[in-house]
Amino acid sequence: MTTDRVRIAPSPTGPLHIGTARTALFNFLHARHTGGVFVLRLEDTDVARSTLEYENDILEGLHWLGLRWDEGPEVAGEEARGPFGPYRQMQRLELYAAAASQLLANDQAYPCYCRPEELEAVRKEQEAAKLPPRYNGRCARLTPDERAAFESEGRKAALRFRVGEGVVGWDDIVRGRVEIDVANIGGDFVIVRADGTPLYHFVVVVDDAAMNMTLIIRGEDHISNTPKHILLFRALGHDVPTFAHLPLILNADRTKMSKRKTQTALADYRAEGFIREGLVNYLALLGWSTGTEDEILSIDELIERFDIHEVNKAGAVFDRARLEWLNGQWIRRLDADDLVDRLRPFIQAELDAGRIDRMPSDEEVRALLPIVQERLPRLGVIGELVGFLWIDQLDVDPERLVPKRWDAATTAEALAAARATIADVGEVSYEADELEPPLRSLAEVRGWKAGDLFMAIRVAVTGRTATPPLFDTLVALGYERTLERLDRALQTLASAPAASAPGT
RNA sequence: GCCCCCAUCGUCUAGAGGCCUAGGACGCCACCCUUUCAAGGUGGAGAUCAGGGGUUCGAAUCCCCUUGGGGGCACCA
């Protein structure tokens, strides 16, 4: 088994994207499965768009998912790890400068004095002529005198890499043999801007070479760029790593997943209460499967079973419904203390948003778990599910109080009777199995359907028609508040204009 | 426009020549359970394996073409 060095190289120009997380996961799984090394490198050479905030979001997100890197930059409170640092590209500029002058010295790269406007004009012409955009090579063969002339004009030169001719091919782990004629990659490309800062295709290769990466696992959108990278590896005199291009994650319309059409920020899923186990499990199944019918897999099981050679080629549509199902599966598997801990911030968020009036204690939440755990596809639905327990005063629309088959008078009568029955049970023996029998016999004696009676009570004390099991809910609410809410519902019914007379 | 990649139920996928009258999961529908909602259980609808040619005794699986979809073609990453 090979021990690969793999990496994830995010660019801090936006929040951690689901696609980046998936690529990171596949790299991580491959490294762990094969005993390799997983490296994190920050590609921050786009200074204009990179921010520290995004960097934090990305690092924190990967960490939260459980994707620990063996080598990577210093992060809050922690030193950089690994012998190939620094791991932020803006701290590696000397390296790129050295590589650039090496290429320049060997005439594998040359200064280009074309101005952006000039290049733009050429591109426009090509477009008009229905030709593929391509650098026209104007500066490829300048004489020293011509260069001097441009210099004296005050022009700053960018550096272009000589692409040459021929076919570049590689054996992609997921795609097999891929060959691309160099004539189709757009001509000599810029590797260093006129302002001296290096560009992506250049730095990625310099660093992958310097960091001894042996396998590049990345998105399919890089297939067309791969010839540039291979050419650069060769020019720098470095072994070309192996490539594995993953299928893309798609919007519902099968275009590349974008924030316009799909929620793409990992943090947003997290904020909705998707848990790492669910997300990791779901992401792992986007483009890969065990080949068996097993699909609920922990990260350890994924590490054990993941094989980069089994990744499939076709793009995968991001299906939120399936994510929610898997997430629910994992929430149900959480143990009580863990779930209470994970729920707390979501309850706090309800409080902060003013949707509830008080923060329940951990004991209170823990006691709720048996009726709540299997009803949570996401942690964020906790408020919707049992938020009524934590509000001071419940206002219920009088029309809502009346069950479908009943009228207001029957409802009022039933609620009053139920109130008496519950009061009769008394506070000391106020338990679900003490509450149910007397209320059932009340319904029987009065000739009401138990379901109707229960529904009337349910709405009166929760304001909702869909809740966890009624008697457990009443217990959670407490003796006093249950009676208060029943009284209040009775008042609401009494003061409401008689909407429907009995019997009509 | 040019180059490259891809193609099995709505979606994620199993399938590496006969085990496929194509399996599983999500979603959907029905039923069971049931005080509502979930969860769980059972069953169902849903794919002429994009289409057409080959190769073969035999093709979802191999080859070719077509069609469709996608990605890439920056002094972004």
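Owing to the predicted nature of the structure, the values given are computational and were not obtained by experimental measurement. Letters A, B, ... are given to chains in the order of the sequence lines, protein chains preceding strands, and every chain is numbered from 1.
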Is [N] paired to anything, Watson-Crick or G-U wobble with both distances less than 3.5 Å, and if yes, which nucleotide?
| N | value |
| --- | --- |
| A60(B) | none |
| C26(B) | G10(B) |
| C75(B) | none |

Any side-chain N or O of [X] below 4.0 angstrom from OP1/OP2 of [N]?
| X | N | value |
| --- | --- | --- |
| Arg160(A) | C75(B) | yes |
| Lys228(A) | G72(B) | no |
| Gln329(A) | G40(B) | yes |
| Ser289(A) | A14(B) | yes |
| Asn312(A) | U13(B) | yes |
| Arg254(A) | C12(B) | yes |
| Arg332(A) | G40(B) | yes |
| Arg193(A) | C76(B) | yes |

> Would you say Thr262(A)'s side chain and Lys259(A)'s backbone share a donor-acceptor pair under 3.5 angstrom?
Replying inline: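 Not a single qualifying donor-acceptor pair exists.
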Taking atom [atom1] in both [N] and [M], what distance in whole Å separates the two?
| N | M | atom1 | result |
| --- | --- | --- | --- |
| G18(B) | U13(B) | C1' | 23 Å |
| A22(B) | U61(B) | C1' | 12 Å |
| C75(B) | G15(B) | C1' | 48 Å |
| C5(B) | C63(B) | P | 14 Å |
| G27(B) | G68(B) | C1' | 25 Å |
| C20(B) | G1(B) | C1' | 43 Å |
| G54(B) | G70(B) | P | 31 Å |
| A7(B) | C49(B) | P | 15 Å |

> Val168(A) and Ile180(A): side chain to side chain contact (heavy atoms under 4.5 Å, CB included), yes or no, with the steps?
Replying inline: CA-CA 5 Å; Val168(A) 177; Ile180(A) 295 176; 5.7 Å; no
> Is there a salt bridge (charged side-chain N to carboxylate O under 4.0 Å, His left out) between Arg342(A) and Glu277(A) once you walk through the steps?
Replying inline: CA-CA 12 Å; Arg342(A) 299 209 210 191; Glu277(A) 291 86 344; 2.7 Å; yes
> Under 30°, 30 to 60°, or over 60°: which ring-plane class applies to Tyr479(A) and Tyr430(A), parallel, tilted or perpendicular?
Replying inline: perpendicular
> Between the side-chain atoms of Thr255(A) and the base atoms of G70(B), is any donor-acceptor pair under 3.5 Å?
Replying inline: no
> Looking only at N and O atoms, is any donor in the side chain of Arg175(A) or the base of C5(B) less than 3.5 Å from an acceptor on the other one?
Replying inline: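 For Arg175(A), whose side chain was compared with the base of C5(B), there is no donor-acceptor pair (under 3.5 Å).
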Given [options], identify the nucleotide with an atom nearest to the side chain of [X].
| X | options | value |
| --- | --- | --- |
| Leu286(A) | U36(B), C12(B), G71(B) | C12(B) |
| Leu199(A) | C76(B), C37(B), U35(B) | C76(B) |
| Arg458(A) | U36(B), C75(B), C3(B) | U36(B) |
| Ala321(A) | G27(B), C3(B), G71(B) | G27(B) |

In whole angstrom, what separates [X]'s [atom1] from [N]'s [atom2]?
| X | N | atom1 | atom2 | value |
| --- | --- | --- | --- | --- |
| Asp188(A) | A74(B) | CG | P | 13 Å |
| Ile249(A) | G69(B) | CD1 | C1' | 18 Å |
| Leu369(A) | A39(B) | CG | P | 17 Å |
| Leu285(A) | A14(B) | CG | P | 10 Å |
| Leu42(A) | C76(B) | CG | C1' | 16 Å |
| Met257(A) | G71(B) | CE | P | 14 Å |

> Among Phe161(A), Phe202(A), Tyr200(A), which one satisfies ring pair (Phe, Tyr, Trp, His ring centres under 6.0 Å) with Phe189(A)?
Replying inline: Phe161(A)
>> Between the side chains of Glu301(A) and Arg305(A), is the shortest nitrogen-to-carboxylate-oxygen separation below 4.0 Å, so that they form an ion pair?
In response: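 No salt bridge links Arg305(A) with Glu301(A).
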> Is any side-chain N of the basic residue among Glu444(A) and Arg440(A) closer than 4.0 Å to the acidic one's carboxylate O?
Replying inline: no
> Is a side-chain donor-acceptor pair under 3.5 Å present for Thr45(A) with Arg193(A)?
Replying inline: no
Taking any heavy-atom pair under 4.0 Å as a contact, classify [X]: base, sugar-phosphate, or nothing.
| X | result |
| --- | --- |
| Ser11(A) | sugar-phosphate |
| Ala450(A) | nothing |
| Phe318(A) | nothing |
| Leu248(A) | sugar-phosphate |
| Ala194(A) | base |

> Which residue lies toward the 5' end of RNA chain B, Cys114(A) or Leu250(A), if each is placed at its nearest nucleotide?
Replying inline: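 Counting from the 5' end, the first nearest nucleotide belongs to Leu250(A).
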> Closer to the 5' end of RNA chain B via nearest nucleotide, is it Thr45(A) or Arg440(A)?
Replying inline: Arg440(A)
> Given Glu220(A), which of Arg175(A), Lys313(A), Arg22(A) fulfils the salt bridge (charged side-chain N to carboxylate O under 4.0 Å, His left out) condition?
Replying inline: Arg175(A)
> When rounded to the nearest 0.5 angstrom, what distance separates NZ in Lys228(A) from CG in Asp188(A)?
Replying inline: 11.0 Å
> After noting the C-alpha distance and the side-chain angles of Glu350(A) and Arg355(A), does the key distance pass the salt bridge (charged side-chain N to carboxylate O under 4.0 Å, His left out) rule?
Replying inline: CA-CA 5 Å; Glu350(A) 291 296 303; Arg355(A) 288 191 288 267; 3.0 Å; yes
Listing time: all N or O pairs from protein to nucleotides 59-61 of chain B that are below 3.5 Å?
none

